[in-house]
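Report on the structure given below.
Per chain, numbering begins at 1; letters A, B, ... match sequence-line order. These numbers come from a predicted model, not from an experiment.
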Protein chains: 4
Amino acid sequence: MPDRVAAVEDKRALIRGAAVRAFAKKGYHACRVSDIAEEAGVAYGLVYHYFGSKEAVLETVFRETWQLMLNAIQAVEELGEPAPEQIRKVAAIVLRTWRDDPDLVRVLVREVTRSPQLQNEIGEIVLAFQALERIIERGKAEGSFRADLDSRLAATMVYGALEEILTGWVMGQLPDSDEDVKAAERAVAATFAHGLGSVPG
Amino acid sequence: MPDRVAAVEDKRALIRGAAVRAFAKKGYHACRVSDIAEEAGVAYGLVYHYFGSKEAVLETVFRETWQLMLNAIQAVEELGEPAPEQIRKVAAIVLRTWRDDPDLVRVLVREVTRSPQLQNEIGEIVLAFQALERIIERGKAEGSFRADLDSRLAATMVYGALEEILTGWVMGQLPDSDEDVKAAERAVAATFAHGLGSVPG
Amino acid sequence: MPDRVAAVEDKRALIRGAAVRAFAKKGYHACRVSDIAEEAGVAYGLVYHYFGSKEAVLETVFRETWQLMLNAIQAVEELGEPAPEQIRKVAAIVLRTWRDDPDLVRVLVREVTRSPQLQNEIGEIVLAFQALERIIERGKAEGSFRADLDSRLAATMVYGALEEILTGWVMGQLPDSDEDVKAAERAVAATFAHGLGSVPG
Amino acid sequence: MPDRVAAVEDKRALIRGAAVRAFAKKGYHACRVSDIAEEAGVAYGLVYHYFGSKEAVLETVFRETWQLMLNAIQAVEELGEPAPEQIRKVAAIVLRTWRDDPDLVRVLVREVTRSPQLQNEIGEIVLAFQALERIIERGKAEGSFRADLDSRLAATMVYGALEEILTGWVMGQLPDSDEDVKAAERAVAATFAHGLGSVPG
DNA sequence: AATGAATGAGTTTTCATTCAT
DNA sequence: TATGAATGAAAACTCATTCAT
């Protein structure tokens with residue numbers, strides 16, 4: 001029986017993974033259900049068997065992976081380090097995910113952030129944003145960041161900077177070697193440590 | 001004769017404007033060509049007469065908007081002011097577009113992801129990016145920005161921050177009164193003036 | 001499983017046959033995909049499922065018919081009979097197709113002109129032509145045909161004569177009773193046996 | 001005034017010539033009215049001004065040029081030479097037209113012969129066929145051709161052979177130098193002189 | 001669980017033709 | 001004469017989804 005369940009999960013995961021690759025390749029809208037099935041090497045009826053609809057596949061991809069990202073960010077928060085260091089670690093998590101699974105990042109970045117439906121239906125994305133906001137808020141409290149800073153706006157800028165770097169990698173417009181990934185991490189950390197900092201130049 | 005040409009351009013612009021409103025209202029995907037035509041008050045055949053396809057309408061909107069953006073940014077470049085001030089002015093141009101034409105920004109923000117290649121295909125976007133890069137490069141030369149800064153990466157962060165702020169407004173997650181727009185402009189200017197700055201804290 | 005495959009082939013053949021009837025009735029141009037589907041008693045989506053496009057249906061009809069023709073002609077070649085007799089048999093094959101499937105011939109004759117490239121794209125037609133050329137070539141070798149004959153040109157004349165007779169039948173300008181078909185076969189055989197012959201008058 | 005009429009005729013002829021080239025390039029069906037206009041360098045409204053419809057353009061092309069062919073064939077008849085010689089001269093006329101205006105031949109051969117509407121509407125095409133038939137009939141009377149020959153069928157074969165040679169040239173499958181054209185003429189003449197001849201082998 | 005044949009609503013797209021200028 | 005903007009009927013085509021096997 002457990003084998004049975006495991007087998008089922010395997011096939012589900014197989015299709016989910018194929019969907020990530022297919023969405024990454026052509027974009028969600030341009031991607032037909034049959035493209036997902038073909039990528040997975042199964043008949044497209046099976047996609048419906050496991051996920052019910054094309055949109056549900058995307059939502060599942062998002063929900064199941066964004067949660068991991070969220071957990072990582074919250075773990076950073078709990079260490080209680082200075083805000084700039086926390087920003088650096090968040091940048092590291094987000095950017096290094098690229099190394100681990102570029103296709104996944106491509107989908108998360110491109111499709112999910114801008115989908116009105118997903119935005120509303122899924123609380124997780126808001127939670128990640130709020131975590132970032134809390135970090136900045138605490139930075140202001142501890143004196144690392146300017147007191148007059150609008151935390152929401154600052155979180156938006158940090159998120160945007162990270163997303164655009166990922167996009168640059170996805171689109172092949174930025175170099176993305178291991179060294180480049182680390183350099184990007186340092187650049188983000190430095191820019192916002194000073195850019196949001198309380199005692200600038 | 002000039003009247004004739006002008007009339008043609010008017011009608012083209014009429015349809016393009018209608019398309020922006022229609023796309024903003026329902027999204028590109030859910031928007032039928034007949035919706036555009038109806039919004040413009042013309043037969044849908046005319047949309048094909050002027051643009052050739054539904055996708056070409058969207059591409060035109062992107063291309064022509066970015067051309068304006070590009071012109072504005074290049075005008076800023078030519079003033080020869082200090083790099084941080086140039087960044088501030090670019091931010092102002094980009095962000096104030098939201099005030100001037102929210103529907104347009106809504107479409108630009110929501111539909112960038114439509115075609116992964118779209119962004120590369122539209123040379124104007126690339127050129128605008130390069131202008132930003134040049135500004136940062138000049139900032140390094142004049143000593144405003146750190147000499148060890150990766151200009152491409154820095155331009156990416158600035159661009160990302162601006163885009164994400166626009167996204168926040170589009171998605172209704174950031175306040176967007178006139179005052180908020182100005183505050184955002186100042187925040188971006190300050191963050192990157194210091195964040196990229198050569199004599200940080 | 002073989003049943004499954006066979007069933008699929010049956011359905012495909014069903015639609016192809018319906019297409020031949022529909023094209024013969026109204027002509028390719030005036031024939032809508034839904035006419036084909038209606039003739040076959042299926043939804044028109046199924047035409048796309050099996051053939052991809054309306055034009056592909058026509059191309060398939062051409063290709064598969066010429067494949068049969070080609071096989072028959074090659075079978076004639078392999079008997080190793082004298083060239084004039086081979087010509088006679090080829091004429092019989094081609095002309096009797098009119099009796100066997102007038103709709104098919106009607107479509108082949110009327111729609112050859114549809115796409116100028118069509119004929120070159122369908123390799124089977126080229127191969128059939130080459131078989132005819134080989135027969136004539138062999139006729140020269142065995143002394144049945146004039147040694148100074150241009151085989152390509154001769155094959156062209158034979159092919160043209162056959163096609164024009166079919167056209168005459170299709171257009172209703174030549175009588176086409178069983179007896180007429182046999183007479184035509186004899187006329188072609190005699191004309192080219194003597195016309196290409198090595199010891200004329 | 002004569003200038004006025006001449007100018008009108010010039011423009012008409014310009015469009016007709018452009019239509020021939022356009023039809024030759026893409027085939028009648030695939031050819032849009034705007035393609036004709038573009039080829040002529042005029043607005044497509046003008047095509048309607050002079051011809052009324054797309055089909056009327058084709059019919060005009062046919063009528064005005066086929067008449068020339070017909071006159072030439074009838075002139076051959078009137079010389080009263082032996083039938084085989086008349087066949088040779090008809091072949092010469094038809095085939096040499098290729099040299100003079102390949103595009104025109106391409107259109108006549110490909111489009112007109114097989115168009116059911118044109119076939120019915122235009123008597124000239126039948127007249128040419130009948131002239132060929134009369135020549136063969138006379139050949140039987142004078143003893144050049146077999147008495148048991150079906151003249152209609154024989155005319156069909158001759159016509160088909162000529163048409164297919166033209167098609168071969170049009171499609172680039174037969175060499176078409178001046179020398180090849182003459183060789184083809186001789187081949188047709190010889191083949192049918194002997195092939196239809198009264199004292200074969 | 002797995003397949004892919006079958007459906008058809010809903011689009012996009014074509015293009016001959018009209019007609020105001 | 002000449003233009004090409006404007007029309008819209010008519011058709012091709014897409015593809016998510018259902019369901020019998």
Side-chain angles (χ1 to χ4, degrees), chain A residues 4 7-8 11-12 15 29-38 41-57, chain B residues 1 3-5 7-8 10-12 15 29-37 40-57, chain C residues 1 3-5 7-8 10-12 15 29-37 40-57, chain D residues 4 7-8 11-12 15 29-38 41-57:
Chain A
R4 194 71 164 282
V8 165
K11 196 55 83 75
R12 228 190 102 93
I15 293 173
H29 279 105
C31 190
R32 293 162 301 178
V33 174
S34 63
D35 291 325
I36 301 173
E38 198 176 340
V42 299
Y44 52 86
L46 210 55
V47 176
Y48 287 90
H49 184 75
Y50 283 109
F51 293 90
S53 77
K54 181 184 161 186
E55 196 182 339
V57 178
Chain B
M1 271 311 187
D3 284 3
R4 198 66 165 281
V5 172
V8 165
D10 281 1
K11 193 56 79 77
R12 228 190 102 93
I15 293 173
H29 192 76
C31 185
R32 294 162 302 177
V33 174
S34 61
D35 291 327
I36 300 173
V42 300
Y44 58 83
L46 206 57
V47 177
Y48 288 92
H49 185 75
Y50 282 110
F51 295 91
S53 77
K54 181 183 161 186
E55 193 176 346
V57 178
Chain C
M1 271 311 186
D3 285 3
R4 198 69 165 278
V5 171
V8 165
D10 281 1
K11 194 57 78 76
R12 226 190 102 94
I15 293 174
H29 192 75
C31 185
R32 293 163 302 176
V33 174
S34 61
D35 291 328
I36 301 173
V42 300
Y44 60 83
L46 205 58
V47 177
Y48 288 93
H49 186 74
Y50 282 110
F51 295 90
S53 76
K54 181 183 163 187
E55 193 175 347
V57 178
Chain D
R4 195 70 164 281
V8 165
K11 195 55 81 73
R12 228 190 103 92
I15 293 173
H29 279 105
C31 191
R32 294 163 299 178
V33 174
S34 62
D35 291 325
I36 301 173
E38 199 177 339
V42 300
Y44 52 85
L46 209 57
V47 177
Y48 286 92
H49 184 75
Y50 283 109
F51 294 90
S53 78
K54 180 185 163 187
E55 197 182 337
V57 178

(request) Rounded off to whole Å, could you give me the CZ-to-C1' distance for the D:F51 and F:dA2 pair? (result) 15 Å

(message) I want to check one thing: is the phosphate of F:dA5, taken as OP1 and OP2, less than 4.0 Å away from some side-chain N or O of B:K11?
(response) no

(request) Taking all heavy atoms of C:R12 and all of C:Y50, pick out the closest pair and write down the distance. (result) NH1-O, 3.5 Å

(message) As an exercise, state the distance from OG of A:S34 to OH of A:Y44, rounded to the nearest 0.5 Å.
(response) 7.5 Å

(message) Looking at every heavy atom in both A:L46 and A:I15, which two are closest together, and how far apart are they?
(response) O-CD1, 4.1 Å

(request) Indicate the atoms forming the closest heavy-atom contact of B:A43 with B:A37, along with that distance. (result) C-CB, 3.9 Å

(request) For A:S53 and A:Y48, work out which heavy atoms get closest and say how close. (result) CA-CE2, 4.1 Å

(message) Distance check needed: E:dT17 P versus D:Y50 OH, whole Å only.
(response) 19 Å

(message) Rounding to an integer number of Å, can you tell me how far A:L46 CG sits from F:dC19 P?
(response) 18 Å

(request) Could you summarise the pairing of DNA chain F as dot-bracket text, marking Watson-Crick and G-U pairs under 3.5 Å with ( ) or [ ] inside the strand and | across strands? (result) .||||||||||||||||||||

(request) Over all heavy atoms of both residues, which pair between B:D35 and B:A30 is shortest? Give the atoms and the distance, please. (result) OD2-O, 4.1 Å

(request) Measure the NE2-NZ distance between D:H29 and D:K54 for me, rounded to the nearest 0.5 Å. (result) 7.0 Å

(request) Spell out protein contact along nucleotides 11-16 of chain E as letters: B when the base is contacted, S when just the sugar-phosphate is, - when no protein heavy atom is under 4.0 Å; keep the 5' to 3' order. (result) SSBBSS

